[in-house]
Amino acid sequence: MSKVEDWYYITVRDRIFKVRQSPAYLEFDGVSKEFLMYYFALDEPYSTILTQINKDPHINSAIKRYYGLRIIRQDPWECLISFLCSSAANIPKITLNLEMLSRAFGKKIELNEFEQYSFPNPGELNNYEQILLAKTGFRAKYIKIANSLVSEDFLKSLRKLSYGEAKQTLRNIPGIGDKIADCILLFSLGFTEAFPIDTWMKKILQKLYFKNKVISNKELSAFGAKYFGKYAGYAQQFLYIFARNSMAA
DNA sequence: AGACAGGGGTAGG
DNA sequence: CCTACCCCTGTC
């Protein structure tokens, strides 16, 4: 997304919409209300979720501080490619990769005066050299393969599976391990029980719940699922943003 | 200025 | 469990 004046312009595949929060309303243009509700997951029972994950004073303070934090339902294909770009990278670099991929493979689109390149569809990221030119490095081969393996139907079919089955199916794609699979499931496919463990989650969980002892990612993952339950992904997001803003490296 | 480390991981040893 | 992997960026 890009902020222009007080509007946020958000690109989803080949369309752009814009939103801004006024005190009492969410204002938007370019999409239907139904799409907006879906995209920002405004149909979720927010207060019930917060009650369910509020297990102790640590997460309680994270929830208090970041109240209003939501988990969007991003386009799954965009999400998958974005997270393939994310390994051993950082936000500015991932943003650069995605912009360059869109510029190379997408087409120019606009809303009002705002111009952007669309995100290529599954099957359209079919030129390895171009993917490499987007500065994706060792991730280029994963993007190329994912492009040939993944279709809209494949992504759709994941929704019908259990969390465990869907995760295993995603893990069969080269470049997708536990963390990236969980991110795709949580941020685009509505699997709220997914609990991605990255370096920040590892740090904060060890600190808050394991007396600073080193714990394997596998064990941390099991802890998250058991301790926070069906909406563990929301707990993950509150703890994650809390960790990033309080343990800043 | 140029070298160096490390970043929202994964695969392969 | 350890390390290389591409590339960008911040630091010394």
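Atom set for the values below is all heavy atoms of this structure, side chains included, hydrogens, waters and symmetry mates excluded.
- For A:Lys93, taking side-chain heavy atoms from C-beta onward, the closest of the listed nucleotides C:dC7, C:dC5, B:dT10 is C:dC7.
- If you check every strand for non-hydrogen atoms under 4.0 Å, A:Tyr240 touches a base.
- Atom-to-atom, CE of A:Met100 to C1' of C:dC8 comes out at 12 Å; the value is rounded to the nearest Å.
- Residue-to-nucleotide proximity on DNA chain B shows that, of A:Cys183 and A:Arg171, the 5′-proximal contact is made by A:Cys183.
- Rounded to whole angstrom, the span from the CZ atom of A:Phe187 across to the P atom of B:dG8 amounts to 14 Å.
- For A:Ile91 and C:dT9, the CD1 to P distance is 14 Å, given to the nearest whole Å.
- Ring geometry for A:Tyr39 against A:Phe17 counts as perpendicular: the plane angle is over 60°, on a 0 to 90° scale with 30° as the lower cut.
- Ranking B:dG8, B:dG9, B:dG7 by closeness to the A:Ser87 side chain, first place goes to B:dG9.
- For the pair A:Gln236 and A:Ile176, both in contact range of DNA chain B, the more 5′-proximal nearest nucleotide belongs to A:Gln236.
- In a base pair of the Watson-Crick type (N1 to N3 plus N6-O4 or O6-N4) or a G-U wobble (N1-O2 and O6-N3), with each distance short of 3.5 Å, C:dC6 is matched with no nucleotide.
- Both A:Pro92 and A:Ala88 sit near DNA chain C, but only A:Ala88 has its closest nucleotide nearer the 5' end.
- C:dA4 and B:dC4 have their P atoms separated by 15 Å, given to the nearest Å.
- If you take CG of A:Asn217 and C1' of C:dC2, they are 14 Å apart, rounded to a whole angstrom.
- Spacing between C:dT9 and B:dT10 at atom C1', rounded to whole Å, works out to 22 Å.
- Residue A:Ile197 is grouped with residue A:Phe210 when hydrophobic side chains (ILVMFWY) are merged at heavy-atom distances under 4.5 angstrom, including chains of intermediate members.
- Both A:Asn90 and A:Ser216 lie close to DNA chain C; mapped to their nearest nucleotides by heavy-atom distance, the more 5′-ward contact belongs to A:Ser216.
- Spacing of C1' atoms, C:dC8 relative to B:dA11, comes out at 23 Å, to the nearest Å.
- When the C1' atom of B:dG9 is taken as reference, atom CG of A:Asp198 falls 10 Å away, rounded to whole Å.
- What separates CD1 of A:Ile94 from C1' of B:dG9 is a distance of 11 Å, to the nearest Å.
- Straight-line distance from the CZ atom of A:Phe138 to the C1' atom of B:dG12: 14 Å, rounded to whole Å.
- Side chain of A:Trp200, nearest nucleotide from C:dC7, B:dG9, B:dG8: B:dG8.
- Rounded to whole Å, the distance from CD on A:Gln74 to P on B:dG8 is 18 Å.
- Taking the side chain of A:Arg139 as heavy atoms from C-beta on, and the options B:dG8, C:dC6, C:dC8, the nearest nucleotide is C:dC6.
- In summary, the aromatic rings of A:Phe105 and A:Phe119 are positioned with their centroids too far apart to meet the 6.0 Å limit.
- Separating the P atom of B:dG6 from that of C:dC2 is a span of 16 Å, rounded to the nearest Å.
- Among the heavy atoms of the strands, none lies under 4.0 Å from A:Asn97.
- Between A:Phe191 and A:Tyr163, the ring planes are tilted. Angles from 30° to 60° get that label.
- If you check B:dG8, C:dC8, B:dT10 against the side chain of A:Lys135, the one that comes closest is C:dC8.
- Between A:Tyr38 and A:Phe35, the ring-plane angle classifies as tilted under the 30° and 60° cut-offs.
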Full working for ring-ring contact (aromatic ring centres under 6.0 Å, His included) between A:Phe242 and A:His58: CA-CA 10 Å; A:Phe242 183 82; A:His58 298 306; 8.5 Å; no
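- Within the shown strands, nothing qualifies as a pairing partner of B:dG8 under the Watson-Crick or G-U definition with both distances less than 3.5 Å.
- Comparing B:dA1 with C:dC7, their P atoms are spaced 24 Å from each other, to the whole Å.
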